[in-house]
Student: 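Just dropping this structure here.
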Amino acid sequence: MEADPRGVLTGVHFIDGDHACCEGALAAGARFAAGYPITPSTEVVERFASRIPTIGGTFIQMEDELASSIAILGAVWGGAKAFTVTSGPGFSLMMEHIGYAAMTETPCVFVNVQRGGPSTGLPTLPAQADMMQARWGSHGDYEIIALCPNSPQECFDLMIEAFNFSEQYRTPVMFMMDEVVGHMTEKVVIPAPDRIRLYPRRHTRKAPGELNLYEPEEDLVPAMAHAGEGYRFHVTGLTHDERGYPAMNARAQDRLIGRLQEKIRRAAESLALFEEEAVEEADVVVISYGITSRVAQRAIDMARESGLRVGKFRLKTVWPFPDAHIRRLAAGARALVVPELNRGQIVREVERAAAGAARVVGVPHAGGSVHRPERILEAIREAAA
Amino acid sequence: MEADPRGVLTGVHFIDGDHACCEGALAAGARFAAGYPITPSTEVVERFASRIPTIGGTFIQMEDELASSIAILGAVWGGAKAFTVTSGPGFSLMMEHIGYAAMTETPCVFVNVQRGGPSTGLPTLPAQADMMQARWGSHGDYEIIALCPNSPQECFDLMIEAFNFSEQYRTPVMFMMDEVVGHMTEKVVIPAPDRIRLYPRRHTRKAPGELNLYEPEEDLVPAMAHAGEGYRFHVTGLTHDERGYPAMNARAQDRLIGRLQEKIRRAAESLALFEEEAVEEADVVVISYGITSRVAQRAIDMARESGLRVGKFRLKTVWPFPDAHIRRLAAGARALVVPELNRGQIVREVERAAAGAARVVGVPHAGGSVHRPERILEAIREAAA
Amino acid sequence: MSLTEIRIAGFGGQGVILAAQVVGKAACIYQDGYATMTQSFGPEARGGSSSAQVVIASEPVLYPYVTRPDVLVVMSQEAYTRFTPELKDGGMLLVEEDMVRLSQPHSNLKVYGVPATRLAEELGKRMVLNIVMVGFFGAITGLLPQEALRQAVADSVPAAFRELNLRAFEKGYEYGLQKGLENTEDVRLLPLHSFDE
Amino acid sequence: MSLTEIRIAGFGGQGVILAAQVVGKAACIYQDGYATMTQSFGPEARGGSSSAQVVIASEPVLYPYVTRPDVLVVMSQEAYTRFTPELKDGGMLLVEEDMVRLSQPHSNLKVYGVPATRLAEELGKRMVLNIVMVGFFGAITGLLPQEALRQAVADSVPAAFRELNLRAFEKGYEYGLQKGLENTEDVRLLPLHSFDE
Amino acid sequence: MSEVLTPVNPVEPFLRAERMPHIWCPGCGIGTTVNSFARALIESKVDLDRVAIVSGIGCTGRVAGYLKLDSFHTTHGRAIPFATGLKLANPALQVVVYSGDGDLFAIGGNHLIHAARRNIDLKVICVNNLIYAMTGGQTAPTTPGAAITTTAPYGVYEPAFNLPALAEAAGASYVARWTTFHVRQMARSMQEVFAKKGFCFIEVLSPCPTLYQRRNKMGDGLDAMKFYKEHSRTRNGAPTGEVGLTRDGEIVVGKFVDRDRPEFRDLMRDRFTHQLGDRYVDDAEMAEHPHCGGEDGA
Amino acid sequence: MSEVLTPVNPVEPFLRAERMPHIWCPGCGIGTTVNSFARALIESKVDLDRVAIVSGIGCTGRVAGYLKLDSFHTTHGRAIPFATGLKLANPALQVVVYSGDGDLFAIGGNHLIHAARRNIDLKVICVNNLIYAMTGGQTAPTTPGAAITTTAPYGVYEPAFNLPALAEAAGASYVARWTTFHVRQMARSMQEVFAKKGFCFIEVLSPCPTLYQRRNKMGDGLDAMKFYKEHSRTRNGAPTGEVGLTRDGEIVVGKFVDRDRPEFRDLMRDRFTHQLGDRYVDDAEMAEHPHCGGEDGA
Amino acid sequence: MQRGSVSILVERCKGCGFCVEFCPTKVLALSSAFNSKGYHPPHMVKPEKCSGCDLCGMYCPDFAIYGWKVTASGS
Amino acid sequence: MQRGSVSILVERCKGCGFCVEFCPTKVLALSSAFNSKGYHPPHMVKPEKCSGCDLCGMYCPDFAIYGWKVTASGS
Ligand SMILES: Cc1ncc(C[n+]2csc(CCOP(=O)(O)OP(=O)(O)O)c2C)c(N)n1
Ligand SMILES: Cc1ncc(C[n+]2csc(CCOP(=O)(O)OP(=O)(O)O)c2C)c(N)n1
Ligand code: SF4
Ligand code: SF4
Ligand code: SF4
Ligand code: SF4
Ligand code: SF4
Ligand code: SF4
Ligand SMILES: [Mg+2]
Ligand SMILES: [Mg+2]
């Protein structure tokens, strides 16, 4: 399906990542946003508030993040594409509803512009320390998709992917920006609407009375309906059967939770967006994401200048974690270097996936600024040695 | 320091894990609890509400889990030992304040009696699927301690450890029960008060005017003061310096976050409580925790009967994850089998720590009941083959 | 290690859990043994079926679940239907006579009936039917000394109701002593009421 | 790939960010080049110092930070003190004459002064001092065509203030054309007021 | 010979028959409120395909799951913000929030006051059984003083909320209270709010014999109903400040507030039209044709 | 020759001098409220070692960090529940909650109404600048209609809360409103609440020139102060239902509510004493000797 | 003349007695019999007094009873 | 006779003018000079009128000014 032209600001812009993210959402067809202000993410909804009245749709500033994160789910069941935007403390408050969205298979996007934490931490300064939270922050078992842009352009582009994935797999998607990317201004090219492919809502073709709301299709994803269409369906966060009715026993749990995970795990390969360069012949591969990938690039360049064989692997999709690709890299390289703006999160996943096949060297950084490229260079040198 | 006799119900009891947990807290000196009802954890605070008026202390049922989880932090700074109790959905709501407690180094205990999730899931049925959340559920970088009892007796015993660790390291401790352990009734022996060793509050010996509230002692943990003692200190969730004042820059962040992690990582060995048996000569070691360890025991017994050399390793401390011990096991055994009441959480940590040195076989279970021992036996057989 | 598996089942409100608790407590506290009691809830906390499992042993119990009970106490038809097939060959089946109608002869089991509800009503409080059942259980199974069970009863109920419950216990125990001698394989129960309007 | 690093710094309220934005936009949109602008906040969003960095290039910019600027524009004393040492040898230092007093001669730099605030006040709106500065920057550095900058200015301000801002731009540009010829190494500024009461 | 006119229980078409019997206890009043609700739906002739029920978690929260309407069983305390999103995305829906006192006023209190402030077009039915029932009988912010609960084993000492007063102060357009004894009045109130635009709040006192009454020696559901009958006094228009409840005192029932405040969406439309004129695109029209690609399928 | 009597600014001893200058903008009113607060502390002669300040997050939330008292900068919206725990664990403390309108009434609204319901002994000072300032000027639940904010670029259309009415309906014992123009009255109110037991609420309207006024062409801080001076009307005892604010209308100030409701801890003590008699151990006495092992050190 | 009647789904009934108590003409009484869950459902003891007002139906929390009007057609 | 005076910490002042506006006797005026942050702090233009009432101090949001009473001792 093509993008609705009303939401697409085709042209060349010089805007920051927060603004580009909003444009991506609009281009993806988001017509409902609920948010609660928090630095450094608020610009996303501020722009949305200013843009939406002339496009058609709603922005509502809710009383808190609990409310924002569930208002969007209500909106989705009312027929809209919807998202919310926050940063660390607000993200923590949204955890219950991320689980509810996963459980009820409500397509939606949660944007987190990461700042320094824990707690109030460094409200205006960058970090990438909510990466594990994005995967594990809500109680119980679920599977999630999380994307990481590294430029305003990608805030636009990947936001469309985020919505597409969420619609295709009927799952909440975490859009994990960081303060630098969010506040960095660059050229953003927005294509014409007919160049933007959208994955349409998986709306049932069945008539009311025939629909079992949670009966999966072949790819394990069920088609949905919207309130007001006559289906008279039921949605619950309790463990439920294919009709959507509560079914509280281990068997129903196994069926449901198994399917919720499987529908995403099965698609892992097509969900794995990444960028790689010179990894085949590399001794050391630098694995990074978000703003850190651009800092690491300088270190990689410096290392190459000094004659080292360094490859680059940039994660755009962080969850589901691309185990297979990391295994491939580990099989080929001597060492994997993982710089990130946290004290060691994704590096643990790399370690797990590498399973001892290559050395894994983390380059932690507590946040508040980006790495000095020299620090990463050092790690590359050490790893290559 | 010895336990205050008023809180210690010395004697032999036949009580369930929830009640034993409450008695553990009372014996540990907890004199403040705030909670919000949620199945299957409510009995802990119900007992506290009934016991505390004749011991001296306060129970308050707050308006929600956000309030409960920060009321206890206020109480700690007012001079009490305090804890809160919840289950999945409530735990998700407490995430922001777990981060605040970590950041402000407020000793306290969060009890989570795990039920089936995600979302409302299976309110009355067991799971162990909040294990990763306990570690990663709040935004930003922090380190946490999490303990897992497998019997009512251990609910009592480990609860005292939980408080001791929280006081010693000034960190929130997650007490990760599961519905089976919470509702299972067994013999619980509560010793005399003088047999219960408590780690006292690390109260500063400095005079007002001399104290820098966040100046670490040798083990990286600072001593604290209580409100009302004349210190006129400041506590903030912002990144702060040793005086406790906001210091918003990458250097301060590095110092603070580095220390918060290091104080716990450094103590990893003494924090690692576990139980092991016959791991030296084992081909397969079964690694488990909580109720699953007791189900696994039957599988282990069956496997041994059929001649397999099976060891057992039970985690009492799940976080910080005992990497060193797992490495040791991986070095000795052919395979590690990890049954848990979730679709694969701690098994990932085992994989990471094992780093390819042994095969790792997870035995996932979506919750709602416990494993059939036969299922674990099957995995052991397969792993041994 | 000797290990006895017991299941007590009925519907919510019959005091199934308390009965199991008394048995466990008698073993643990007044007999210095070990016991593990677990409960199965229906999906909701209220109404519906209720069942408790007790494993009694001389050493700490590891695996907490009952798989093939030695003793099954049923206080509702549903519990009877659901759990009887689990019973160990030669196991004991104790039934509340007025609530359960046997659907077939159980020649492989030892079946004993007691009108616990009626006996309780005779004491003036239908509520204590579970303790009548505990008394009956004690006498029939002989698993635990009468005194241990008595103490466990006394210790498990509110002071105001202690006397009443102890009388209920005795009543059940006595009934058990009488009935224990005859193998009541042919317990047959009154037809339950049904409607059609 | 040719790459120019620019830093613009002053205090909050001087429109530092907008100035940087105009420069970046001119490069990106009206010159078909690439630019990356990043900002440094003080710890708080309000008051205090404000600084923006622009990297201009003919290809996409990877590393977004300015480490050794080619051009430094300072509009406060604090910015001058803090950032001048970073400047590349032979780099350009553009200063707001009325706000900054040079603390030493900078023989290794090309220093240019402009009374941007005063010029803006002459236009009736002190607010536009940043755009005066952009004009001055355009003329002195010659990094970007005048027209590209002009358009970027027009496109970056609210319609109601477009005219005013364009005049501010021209004023700064002209001033730069005049001053650009003389190397104003010896820019000396009025003593700033101080108090003691 | 006699002819049957209504041979079917009027509530039946609104029930998910396959889910009966429901989980509610003997003498629980929640089912009774559902009867009044069904009657109100019938009488008000709303298009049932356009009615959505949103519940939180609790015994009352189960209402959504039993009603054969589009129905959402959300998270504890968050029915109102969910309903807010639902209503804004599809303004043609009649959105009813049906939940318990704890859900709406303990954990959910903030959402309630904010929705009332906004005067968003939601119809909130609060079944007040004075307790957290689903979790086994803990103190609610409505539990009257001295009552015994599992978390107040020596009796509640916290003062309780006066729900109508709070709803009014926050901005509700319509505020009423009934008990499950007042089945007709309750139905009439429900019918009224279907016809009223804005945030409407109906409190219904309801027996919880199992958890509230038993522990407080207050008999069974029928005893509660008789108590309601004897102790209720209808005072339409009573100042909400005067209608606080006590454990054994008078229960003031009636319609307390029925005022005209502009509704949220109207306010929104007016403002945007005022500022943007023709450029404003009112998405109320668009809700009919969602942009998410609806019928196209995957 | 002249002799100096007060050679030091009375507020100075209450400030963490090493943290001056503060971050507040020129003409921001928050600092002014601190002056009145300092005067009230002096006049009321409370033991300063026993005063604790609890703030949430926001420009106002920074007050805690500037006051040289035991002070807590908590999480956004949660100052009140933190303060509740603090007060209950150490009843001897005078616990003051000092925070912004967004913090206390948007995200924190539920805690405020519940603390008021409980009538717990907290003194809440709400600096109402009609906006979320710290985050850059978004709509608050107090922002009056038609005002421009970053999240309402075409003007706010949501109705605002009437804070005193809400606080009263929830149960507050003391409710007053002043503006930063009313420095003496504000100080007097603060002094009064130090002497009053129970939940007390003081709203102080305060200029935010940077984010609220600038965008709304309302001049600078001084203009706001003059506006307050001209448009305020003191109506002590005014019914709180009548004191709602509008963008440019009259500002009713005064002490609106001052009533006696039993305080939370008194209620607790009475109930436990009633039920348990001598067996009740009042931990108010124990707070002096915490059980956590206090002085023993590690 | 009988103007109304009730239908009772006995298996749904939980014996709360609401219908009995609030029937304006006291048509109903709880039967002494049990349904399969052990509850005593109501039955009509004075059927002739039933107006078919359905108050019983409005009260019944278990949707187990409802009243309906009977028109005397052809008699 | 002067009965009061003020102290001004000019570097703290942000020139808001509160003190000037609300001094009951109009003692103060903003100076045309700047402090190092570029603000115009107040100075006393009619020192003799100062009562030392400290209203300026109560208004000053930057804790930059305060008034105090001077007793004429020995004069
Ligand atoms: C976040 C969260 N906290 C707590 C719970 C547990 N819980 C479920 S229902 C409920 C209270 C129900 O009370 P009320 O709303 O009055 O409904 P009732 O059962 O009385 O009808 C609670 C505390 C939950 N499900 N989720
Ligand atoms: C959970 C969470 N959500 C959002 C924020 C961002 N935030 C910080 S302060 C604030 C609002 C402040 O408004 P107010 O309380 O009125 O204080 P003011 O700055 O106006 O004094 C917000 C939304 C946060 N810190 N934490
Ligand atoms: S517990 Fe109470 S509210 Fe819940 S169903 Fe039973 S009677 Fe009704
Ligand atoms: S932004 Fe507003 S509230 Fe915040 S310090 Fe500045 S003037 Fe004060
Ligand atoms: S229909 Fe009316 S009259 Fe007939 S039984 Fe029911 S309540 Fe009584
Ligand atoms: S009201 Fe319904 S449930 Fe109650 S007795 Fe009558 S038929 Fe049975
Ligand atoms: S002390 Fe009083 S009279 Fe003197 S300057 Fe200050 S306000 Fe004016
Ligand atoms: S009130 Fe204070 S900050 Fe304002 S002008 Fe006077 S001295 Fe300066
Ligand atoms: Mg309730
Ligand atoms: Mg504010």
Side-chain angles (χ1 to χ4, degrees), chain A residues 1 4 6-7 29 31-32 34 52-58 60 62-64 66-68 70-82 96-97 100 107 167-168 198-205 208 217 221 223 225-238 243 245-246, chain E residues 16 18-19 48-52 54 57 62 64-65 67-78 80-90 92-93 95 110-111 113-115 117-118 264 268 272 275-276 279-283 285-298:
Chain A
M1 168 179 136
D4 165 18
R6 272 182 294 191
R31 294 296 178 267
F32 184 92
I52 200 70
T54 56
I55 292 173
T58 308
I60 183 166
M62 294 299 284
E63 52 275 16
D64 61 18
L66 305 163
S68 303
I70 198 156
I72 63 167
L73 308 184
V76 169
W77 286 97
K81 278 191 179 182
E96 189 186 7
H97 293 150
Y100 184 73
E167 294 292 339
Q168 181 168 6
L198 300 185
Y199 196 98
R201 174 82 22 114
R202 295 178 73 132
H203 194 288
T204 184
R205 292 159 188 277
E217 303 194 341
V221 182
H226 297 140
E229 297 174 336
Y231 288 92
R232 312 224 184 151
F233 55 74
H234 184 57
V235 172
T236 179
L238 287 166
R243 295 170 303 177
Y245 294 169
Chain E
R16 300 188 189 274
E18 65 274 36
R19 298 205 65 217
L48 297 175
D49 282 348
R50 304 247 171 179
V51 179
V54 185
I57 305 291
R62 291 301 190 89
L67 283 173
K68 205 198 280 164
L69 296 164
D70 288 329
S71 59
F72 300 92
H73 187 221
T74 63
T75 55
H76 186 37
R78 317 302 171 195
I80 287 180
F82 183 98
T84 298
L86 183 63
K87 175 73 189 177
L88 289 175
N90 187 347
L93 292 176
V95 180
N110 205 31
H111 310 305
I113 60 177
H114 281 272
R117 169 175 68 80
R118 292 185 187 107
F264 184 77
M268 180 166 87
F272 286 141
Q275 287 291 110
L276 297 166
R279 291 174 55 221
Y280 172 52
V281 178
D282 185 353
D283 66 334
E285 300 145 27
M286 306 198 2
E288 307 295 300
H289 317 284
H291 283 283
C292 41
E295 309 300 300
D296 295 9

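Just so it is clear, the structure is predicted and the values come from calculations on it, not from any experiment.
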Student: Heavy-atom distance under 4.5 Å to chain E: side chain of A/A223, backbone, both or neither?
Tutor: neither

Student: Given that the side chain runs from C-beta out, which part of E/R118 has a heavy atom under 4.5 Å from chain A: side chain, backbone, both or neither?
Tutor: side chain

Student: Just by modelled atom types, is the A/A80 backbone N or O under 3.5 Å from a matching donor or acceptor in the A/R201 side chain?
Tutor: yes

Student: Heavy atoms only, distances under 4.5 angstrom: which of A/P53, A/A75, A/A82 has the most pairs with chain E? Name it, please.
Tutor: A/P53

Student: So which of E/D49, E/D70, E/N110 has the biggest tally of heavy-atom pairs under 4.5 Å with chain A?
Tutor: E/D70

Student: Calculate, to the nearest 0.5 Å, the distance between atoms CG and CG belonging to E/L93 and E/L69 respectively.
Tutor: 11.0 Å

Student: Let me know if E/T84 has heavy atoms under 4.5 Å from chain A in its side chain, its backbone, both or neither.
Tutor: side chain

Student: For E/Y280, which atoms come within 4.5 Å of any heavy atom of chain A: side chain, backbone, both, or neither?
Tutor: both

Student: Rounded to the nearest 0.5 Å, how far does CG of E/N90 lie from CD of A/E229?
Tutor: 8.5 Å

Student: Does any backbone or side-chain atom of A/F32 lie under 4.5 Å from a heavy atom of chain E? Answer side chain, backbone, both or neither.
Tutor: side chain

Student: Is it the side chain or the backbone of A/A34 that comes within 4.5 Å of chain E heavy atoms, both, or neither?
Tutor: neither

Student: By a 4.5 Å heavy-atom criterion (distance strictly below it), what part of A/I60 contacts chain E: side chain, backbone, both, or neither?
Tutor: side chain

Student: Chain A: which of E/S71, E/P81, E/A83, E/A52 shares the most heavy-atom pairs with it under 4.5 Å?
Tutor: E/S71

Student: Out of curiosity, A/R232 CZ to E/R16 CZ, how far, rounded to the nearest 0.5 Å?
Tutor: 9.5 Å

Student: Closest approach of A/M1 and A/P200, non-hydrogen atoms and distance?
Tutor: SD-CB, 3.7 Å

Student: Between E/A64 and chain A, with a heavy-atom cut-off of 4.5 Å, which part of the residue counts as in contact: side chain, backbone, both or neither?
Tutor: both

Student: Kindly give the heavy-atom pair with the smallest separation between E/L86 and A/W77, and that separation in Å.
Tutor: CD1-C, 3.8 Å

Student: Of the listed residues (A/A71, A/A225, A/G74, A/G237), which shares the most heavy-atom pairs with chain E below a 4.5 Å separation?
Tutor: A/G74

Student: Identify the two heavy atoms, one from A/R31 and one from A/G56, that lie closest to each other, and give their separation to 0.1 Å.
Tutor: CD-O, 3.1 Å

Student: Under 4.5 Å from any heavy atom of chain A, what part of E/E18 do you find: side chain, backbone, both or neither?
Tutor: side chain

Student: Most heavy-atom pairs under 4.5 angstrom with chain E, which of A/E96, A/R243, A/Q168?
Tutor: A/E96

Student: Would you tell me whether A/H234 and E/R19 have side-chain atoms, one donor and one acceptor, within less than 3.5 Å of each other?
Tutor: no

Student: Should A/L238 and E/H73 count as side-chain neighbours, where that means a heavy-atom distance under 4.5 Å?
Tutor: yes

Student: Identify which part of E/L48 has an atom lying under 4.5 Å from any heavy atom of chain A, answering side chain, backbone, both or neither.
Tutor: both

Student: Are A/E63 and E/R117 ion-paired here, with the side-chain N under 4.0 Å from a carboxylate O?
Tutor: no

Student: At what distance, to the nearest 0.5 angstrom, does CZ of E/F82 lie from OG1 of E/T75?
Tutor: 9.5 Å

Student: Could you have a look at E/I57, E/V95, E/I80, E/T74 and say which one has the most heavy-atom pairs with chain A under 4.5 angstrom?
Tutor: E/T74

Student: Can you tell which of A/G7, A/S68, A/A227, A/P107 has the highest number of heavy-atom pairs within less than 4.5 Å of chain E?
Tutor: A/A227

